[in-house]
Amino acid sequence: MNFDKELNVSSMSCPLPIIKTKKVLSGMESNQVLKVVATDAGAVKDMQAFADQTGNTLLASTEDHGAYIFYMKKK
Amino acid sequence: MSKKMAIIASKGTLDMAYPPFILASTAAALGYEVQVFFTFYGLQLLRKDLSDVKISPLANPAMPMPIPMPVMVQMLPGMETMATMIMKDKIKKKGVASLEELRDLCLEAEVKFIACQMTVDLFDFTKDDFIDGIEYGGAATFMGFAGETDVCLFI
């Protein structure tokens, strides 16, 4: 999937993946896509919850060898 | 209009310091307007120096310890410092943010911190003890905001 920016929050625990995601998204343009790589299993539900509550769109959420990869499209 | 959350932070131990900062920083990231009212021992969390924020194994049977430890041992001098060191080490290894980091993230996200003036006076704290950028107020100040919130927690 195409993306405009990438954020690596590997080895960070709650709530850092969400807060860092929000910070990076704030500096992006509407409809741009942010790729986030995390290792915190809790981020799977939290990223969806973040998208639901902020109006950003979680385009994809996948797992690859213990890494969780998210594509978040900015509102 | 954005949602609002108010928290009363009344505890000053390392374990109980986390929930207010985690929830406040996360809520701010979700677009909430957040205020945290620090009262009694919670005031410790506003001090410039957070090294007095510790965890005690004493009377804390739910705290996982590396080895089983009888209460008679937990009460020995230095045990609190040791437990705090072990906990901080664990926090770092597991990628959990430090209290200082979470507090900074809150301030950066414009979470409003209010120190309870009555307990500041009660414990003889001065404004010099606390970080900059906080406000001072009483119960009525808290209620003014709390009455309009979507989430309101006492921690």
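In what follows, every chain begins at residue 1, and chains take the letters A, B, ... in the order their sequences are listed.
More than 12 heavy atoms of other residues, nucleotides or ligands sit less than 6.0 Å from atom CG of B:Asp52. In the displayed structure, B:Met72 atom CE is contacted under 6.0 Å by at most 12 heavy atoms of other residues, nucleotides or ligands. The number of heavy atoms from other shown groups lying within 6.0 Å of NZ (B:Lys48) is above 12.
By the rule that hydrophobic residues join a cluster once side-chain heavy atoms approach within less than 4.5 Å of another member, B:Met82 and B:Val53 end up as members of one cluster. Following chains of ILVMFWY side-chain contacts shorter than 4.5 Å, one can reach B:Phe38 starting from B:Val111, so the two form part of one hydrophobic cluster. B:Met85 and B:Met63 fall into different hydrophobic clusters, where Ile, Leu, Val, Met, Phe, Trp and Tyr side chains are chained together by heavy-atom contacts under 4.5 Å.
Contacts of B:Tyr18 with chain A are absent, with no heavy-atom separation under 4.5 Å from either backbone or side chain. Residue contact with chain A, scored on non-hydrogen atoms closer than 4.5 Å, is absent for B:Leu23.
To the nearest 0.5 Å, atom CG of residue B:Leu30 and atom CG of residue A:Asp46 are 9.0 Å apart. Atom CG of A:Asp40 is separated from atom NZ of B:Lys94 by 11.5 Å, given to the nearest 0.5 angstrom.
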- Under the side chain to side chain contact (heavy atoms under 4.5 Å, CB included) criterion, do A:Lys23 and B:Glu108 qualify, and how do the steps go? CA-CA 10 Å; A:Lys23 270 171 103 168; B:Glu108 206 179 301; 2.7 Å; yes
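Of all non-hydrogen atoms in B:Leu105 and A:Leu16, the two that sit nearest each other are CD1-CD2, 3.6 Å.
Between chain B and the options A:Cys14, A:Pro15, A:Ser10, A:Ser26, the largest number of non-hydrogen pairs under 4.5 Å is found for A:Pro15. Highest contact tally toward chain A, considering only B:Ser25, B:Ala109, B:Gly95, B:Gly31, is held by B:Gly95 [criterion: heavy-atom pairs under 4.5 Å].
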